[in-house]
Amino acid sequence: MQDSLASKFRDLVSGKRRGVGATVARGALRLAEVPYSLAVRWRNRQFDSGGRPVERVGVPVISIGNITLGGTGKTPMVEWVCRRLRGRDIRVTIVSRGYKAEDGGANDEALELEQKLPDVPHVQNPDRVAAAQMAIEEFECQAIVLDDAFQHRRIARDLDIVLLDSQEPFGFEHVFPRGTLREPLHGLARADVIVLTRADMLVPDDRAGVQTRVARLAPLAVWAECVHKPVALVSSTGEETPLDAVRGQRVGAFCGIGNPAGFRHTLASCGYEVSLFREFPDHHPYVRSDLMSLAEWARQAEVAAVLCTQKDLVKIGLDRLGDKPLYAVRVGLEFLSGQSDLELKLSEVVSAKWQEAG
């Protein structure tokens, strides 16, 4: 297995990596954590006290974000929320920063969402207030979904949904760079809804333990738990193939996402025999040499197919790597608990905003 720098970093900050060198490295990261944490706390106090303005727009704003670095499953949640709003005939637009978008084009998350939600516009701009205003003016949207915006406090939101990944819900108890927290844990008190993603990777007692701690940090927040359920294999052209098409056969897999362990769990839940697995950095821009290397890697391993995430496939745009078929595993959200409470929150926010407008 080829580990990405993100995986090596997590091995270090989690304590999994042992030895004198690792201990010294964690000590150095702990020192670097102090000024970063202080800066984040000062910034949050500025917003809390009114020292920095919070700008409102004229439609309901729903934010979906993390308190940790890396992938917690925001894209499936954005899709789920947008589908619920569209199901009520609400015109919705996604607004995001456009992290690692090249030359003004859409980044991988936007391309994936465009494929899944062709009737939902997506505006990417580091100035998300300007992006929201553009969405209202140009698309006449009736609601905005902010992607990855829990720490982006300049734009006011009517509902804050925060996702916690079951494998590191509390960021190894430290703010970056000593851990994976984007801000101190008490920031969870701003959340309206907290969702534990990939909850099936924890036994019920451990899930209850996370919920108990979250209830102390954010006593007013709604709690929900969900899993990322594989739905189908999909080609770059959007053609779907049943999940069992390669079950019982050797497959290779790779990804360039923030949480490679989550993808490995998805593959395991499908019952696939993954003989080789490669990790690339999050948002990796696949170039010709990468694809040639992956094709040779798959050929030598004699796998029946190569699997990746949709976030990877939308950037690659191929149905084959060499002579091997290439599929993405399409996943959807399935709630274990809290779905009705979240749906009620969405309904309340939209209804309240429209009553104000009326």
Side-chain angles (χ1 to χ4, degrees), residues 44 47-48 54 56 59-68 71-88 90 92 94-95 142-153 155-171 181-229 332-356:
N44 278 333
F47 282 108
D48 292 338
V54 177
R56 290 199 166 273
V59 300
V61 175
I62 299 150
S63 167
I64 298 169
N66 308 335
I67 199 165
T68 57
T72 57
K74 289 187 299 296
T75 300
M77 181 59 75
V78 169
E79 179 189 1
W80 186 90
V81 169
C82 288
R83 288 192 186 279
R84 289 302 179 280
L85 296 173
R86 291 295 298 125
R88 297 182 58 177
I90 296 171
V92 59
I94 300 166
V95 167
Q142 298 169 307
I144 288 172
V145 173
L146 294 177
D147 186 5
D148 194 13
F150 188 52
Q151 287 75 35
H152 183 84
R153 300 189 59 186
I155 183 169
R157 66 285 316 274
D158 300 280
L159 188 68
D160 250 319
I161 302 172
V162 177
L163 310 184
L164 302 181
D165 183 81
S166 65
Q167 297 306 286
E168 51 180 275
F170 305 117
L181 287 172
R182 296 184 178 193
E183 60 177 293
L185 280 170
H186 60 72
L188 282 175
R190 302 196 310 273
D192 301 300
V193 179
I194 297 176
V195 183
L196 184 69
T197 62
R198 302 186 181 93
D200 55 334
M201 296 180 73
L202 292 180
V203 298
D205 284 351
D206 289 343
R207 296 204 299 265
V210 175
Q211 182 181 1
T212 297
R213 185 172 179 188
V214 166
R216 292 196 297 266
L217 293 163
L220 300 180
V222 165
W223 173 260
E225 299 174 5
C226 69
V227 299
H228 289 175
K229 184 178 180 180
L333 283 191
E334 183 176 285
F335 281 84
L336 302 180
S337 66
Q339 178 175 345
S340 59
D341 293 330
L342 174 52
E343 289 177 336
L344 180 60
K345 279 285 188 182
L346 284 171
S347 179
E348 289 174 348
V349 163
V350 172
S351 299
K353 200 74 173 183
W354 284 354
Q355 286 173 5
E356 288 178 17

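Any value given below was found using the heavy atoms of this structure, including those in side chains, with hydrogens, waters and symmetry copies removed. Each residue takes its place number in the sequence, starting with 1.
- Looking at R56, its side chain never comes within 3.5 Å of a backbone N or O of V54 through a donor-acceptor pair.
- In this structure, the separation between OG on S63 and CD1 on I144 is 12.0 Å, given to the nearest 0.5 Å.
- Within the 3.5 Å criterion, the main-chain N or O of N66 finds a donor-acceptor partner in the side chain of Q151.
- Contact detail for I155 and H152: the closest heavy-atom pair is CG2-CD2, 3.5 Å.
- To the nearest 0.5 angstrom, I64 atom CD1 is 11.0 Å from R157 atom CZ.
- R207 places a side-chain N or O within 3.5 Å of a backbone atom of L202 that can act as its donor or acceptor partner.
- The backbone N or O of T72 sits less than 3.5 Å from a side-chain atom of T197, completing a donor-acceptor pair.
- When all heavy atoms of A221 and A191 are compared, the closest pair comes out as CB-O, 3.6 Å.
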Set out, in order, the CA-CA distance, both residues' side-chain angles and the distance that settles side chain to side chain contact (heavy atoms under 4.5 Å, CB included) for D48 and R153, then state yes or no.
CA-CA 10 Å; D48 292 338; R153 300 189 59 186; 2.7 Å; yes
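- Across all their heavy atoms, E183 and I67 have their closest contact at CG-CG1, 3.7 Å.
- Shown here for A143 and I90, the closest heavy-atom pair between the two residues is CB-CG2, 3.9 Å.
- Between L146 atom CG and I94 atom CD1 the span is 10.5 Å, to the nearest 0.5 Å.
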Set out, in order, the CA-CA distance, both residues' side-chain angles and the distance that settles side chain to side chain contact (heavy atoms under 4.5 Å, CB included) for W80 and L342, then state yes or no.
CA-CA 11 Å; W80 186 90; L342 174 52; 3.5 Å; yes
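- Geometric assessment of R213 against the ring of F170 yields a positive cation-pi assignment under the 6.0 Å and 45° thresholds.
- The structure places CG of L333 at 5.0 Å from NE2 of H228, a figure rounded to the nearest 0.5 Å.
- Distance check, rounded to the nearest 0.5 Å: CE of M77 to CG of D147 gives 11.5 Å.
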Side chain to side chain contact (heavy atoms under 4.5 Å, CB included) assessment of L85 paired with I62
CA-CA 11 Å; L85 296 173; I62 299 150; 3.9 Å; yes
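- The closest side-chain heavy-atom distance from M201 to L196 is not below 4.5 Å.
- Under the side-chain contact (heavy atoms from CB on, under 4.5 Å) rule, K345 has a single partner from V222, I161, V350, which is V222.
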Test side chain to side chain contact (heavy atoms under 4.5 Å, CB included) on R88 and S347; report intermediate values, then the result.
CA-CA 10 Å; R88 297 182 58 177; S347 179; 3.3 Å; yes
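- Not one N or O on the side chain of T68 forms a donor-acceptor pair closer than 3.5 Å with the backbone of G171.
- Between F335 and D341 the shortest side-chain heavy-atom distance does not fall below 4.5 Å.
- At least one donor-acceptor pair under 3.5 Å links the side chain of D192 to the backbone N or O of D160.
- A 4.5 Å side-chain heavy-atom check between E79 and V145 finds every atom pair outside the cut-off.
- Distance alone, capped at 3.5 Å, places no donor-acceptor pair between the R84 side chain and the E343 backbone.
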